[in-house]
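Worksheet: one structure, shown below.
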Amino acid sequence: MSPTQKDITSWADKSGSFKRQTSSFREIIEPNGKYAPEKGRYHLYVSLACPWAHRALIVRKLKGLEEFIDVSVVHPHMLEKGWHFAKTSSNPAPQSEHSDDTFPAATEDHLFGFSHLRELYFKAQPDYDARFTVPVVWDKKTNSLVNNESSEIIRFLNTAFNEQLSGQQKELDLYPQELRKEIDELNDWVYNDVNNGVYKSGFATTQQAYEDAVKPLAKSLQRLEDILSDGREFLIGGKLTEADVRLYTTIVRYDPVYYVHFKCNFGLIRHDYPHLHKWLQRLYWNNPAFKDTTNFEHIKEHYYYSHKHINPNRIVPYGPNVDIEPLK
């Protein structure tokens with residue numbers, strides 16, 4: 001096992017700052033390419049807790065690809081050997097990891113019956129020596145790992161299968177040509193300060209590293225609040241784009257987890273950012289692709305249980321009273 005898998009605190013550098021790993025598998029699904037868009041050929045591995053994997057699930061549903069790409073869902077407890085799958089009769093969970101064997105909505109590995117996601121990575125690359133992350137797109141035809149970078153996965157899911165789709169799902173373009181410059185610019189600072197900013201705050205191991213992360217996070221949340229203060233429904237161009245998808249998966253986890261667990265307690269989305277809160281509510285309550293892929297039970301269980309160096313007793317908080325408030 002890679003040493004980086006043993007202790008999440010080793011993800012920080014000598015200054016105490018969290019450093020996110022660069023994804024290793026970067027192929028794409030495209031017509032006439034190495035990985036052609038064929039129905040039933042690909043399998044998606046996800047965690048319902050993980051915001052990066054959540055992106056892929058949202059786009060899969062928005063584009064109507066549920067029958068094109070099937071899914072395996074890991075258990076929310078990420079322990080000594082990384083993500084593992086739910087126990088089945090043919091795949092007993094290791095008893096040494098002190099995790100419940102099953103969890104609602106967690107599945108077995110539908111392709112290989114592996115007990116851990118790490119086995120899939122080693123199948124793809126026997127000498128792999130990095131973290132075992134989700135999402136993963138696996139090609140059943142060539143038995144190879146296509147891609148494990150969420151930003152690229154949602155891009156090719158957005159267009160690769162269009163010729164086999166119809167109606168609104170075919171027409172939906174989350175990265176339209178005329179908005180790409182705006183989307184890229186917003187994605188850049190949202191990724192650095194918000195998507196990754198909550199992790200840099202939570203996994204910092206020095207006060208300075210924490211403050212270097214949490215202050216830009218606070219500034220960028222206010223920047224988003226200001227952008228949405230005109231009452232717009234979506235971030236850019238008056239339409240749903242990948243910018244909304246990428247931000248949503250962080251903001252929907254903010255009040256239930258990041259506010260407390262990652263020490264991002266300078267403001268709650270529901271109380272201190274009314275326009276950002278309304279944007280979140282609209283996406284969740286008005287679009288099944290967002291609501292149906294959001295599992296608060298997995299989200300809370302994963303973070304509070306898995307990060308033992310932050311929460312040594314692994315106590316999962318009872319609240320909030322409502323995970324997301326009704327849209328009025």
Side-chain angles (χ1 to χ4, degrees), residues 8 18 46-55 57-58 73-79 83 86 98-100 102-106 134 193-204 210 213-215 217-218 220-222 224-225 228 244 246-328:
I8 207 167
F18 171 68
V46 300
S47 161
L48 299 182
C50 171
W52 317 101
H54 193 179
R55 297 173 173 186
L57 285 174
I58 291 172
V73 179
V74 296
H75 195 291
H77 295 169
M78 186 175 67
L79 303 172
W83 297 111
H98 310 294
S99 175
D100 292 335
T102 61
F103 200 89
V134 287
D193 295 346
V194 182
N195 300 142
N196 205 32
V198 292
Y199 282 89
K200 290 189 289 186
S201 301
F203 290 160
Y210 165 71
V214 79
K215 290 177 181 178
L217 169 62
S220 291
L221 285 182
Q222 186 57 53
L224 288 163
E225 176 70 7
L228 294 164
D244 297 289
R246 288 169 55 123
L247 179 61
Y248 170 86
T249 61
T250 296
I251 299 302
V252 79
R253 289 162 172 75
Y254 198 93
D255 287 1
V257 173
Y258 301 147
Y259 179 87
V260 174
H261 188 61
F262 281 170
K263 308 178 188 69
C264 302
N265 63 341
F266 48 81
L268 283 164
I269 301 300
R270 66 190 64 192
H271 294 153
D272 300 293
Y273 301 93
H275 301 293
L276 187 55
H277 183 223
K278 182 65 68 175
W279 167 88
L280 172 68
Q281 290 175 298
R282 286 171 175 159
L283 288 175
Y284 181 87
W285 291 110
N286 293 342
N287 197 320
F290 290 85
K291 183 176 185 291
D292 294 352
T293 60
T294 302
N295 188 308
F296 289 106
E297 190 175 9
H298 273 246
I299 290 168
K300 290 190 287 188
E301 184 74 19
H302 162 66
Y303 284 96
Y304 289 109
Y305 191 94
S306 301
H307 301 158
K308 192 176 181 182
H309 74 290
I310 297 177
N311 186 29
N313 293 319
R314 290 177 164 163
I315 295 170
V316 180
Y318 179 65
N321 288 335
V322 291
D323 293 312
I324 185 165
E325 295 183 347
L327 180 60
K328 297 178 181 179

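Note that the structure is predicted; figures quoted are calculated from it, not measured. Here, residue 1 is the first one in the sequence, and each next residue gets the next number.
Contact check for Leu217 versus Val194: side-chain heavy atoms found under the 4.5 Å cut-off. For the pair Trp279 and Leu224, the minimum side-chain heavy-atom distance is 4.5 Å or more. Residues Tyr305 and Leu79 are in side-chain contact: their nearest non-hydrogen atoms beyond the backbone lie under 4.5 Å apart. In this structure the side chain of Tyr254 never reaches within 4.5 angstrom of the side chain of Leu280, judged on heavy atoms. Proximity of His261 to Asn311: side-chain heavy atoms (C-beta onward) are separated by under 4.5 Å at one or more points. Looking only at side-chain heavy atoms (C-beta outward), Ile58 and Asn287 stay at 4.5 Å or farther from each other. Put simply, the side chain of Met78 does not reach to within 4.5 Å of the side chain of Cys50, judged on heavy atoms. Within the 4.5 Å cutoff, side-chain heavy atoms of His307 are placed close to those of Phe262.
Here the shortest heavy-atom pairing between Glu225 and Leu276 reads OE1-N, 2.9 Å. Taking each heavy atom of Ile299 and Tyr303 in turn, the nearest pair found is O-CD1, 3.1 Å. Nearest heavy-atom pair, Phe266 versus Val214, reported as atom, atom and distance to 0.1 Å: CE2-CG2, 3.6 Å. Residues Gly267 and Asp272 come closest through the heavy atom pair CA-OD2, 3.2 Å. The shortest heavy-atom contact between Arg253 and Ala49 is NE-O, 2.8 Å.
Judged purely by atom type and a 3.5 angstrom limit, Arg55 has no side-chain atom pairing as donor or acceptor with the backbone of Tyr248.
Taking the six-membered ring for Trp and the full ring otherwise, His302 and His75 have centroids separated by 6.0 Å or more.
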>> Show, in sequence, the C-alpha distance, side-chain angles and deciding distance for Ser47 and His298, and conclude whether the side chain to side chain donor-acceptor pair (under 3.5 Å) test is met.
In response: CA-CA 8 Å; Ser47 161; His298 273 246; 5.5 Å; no
> Step by step, would you call Tyr258 with Ser201 a side chain to side chain donor-acceptor pair (under 3.5 Å)?
Replying inline: CA-CA 9 Å; Tyr258 301 147; Ser201 301; over 6 Å; no
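Ring planes of Phe203 and His309: tilted class, angle from 30 to 60°.
Across Ile310, Val260, Ile315, a single residue satisfies side chain to side chain contact (heavy atoms under 4.5 Å, CB included) together with Tyr304, and that is Val260.
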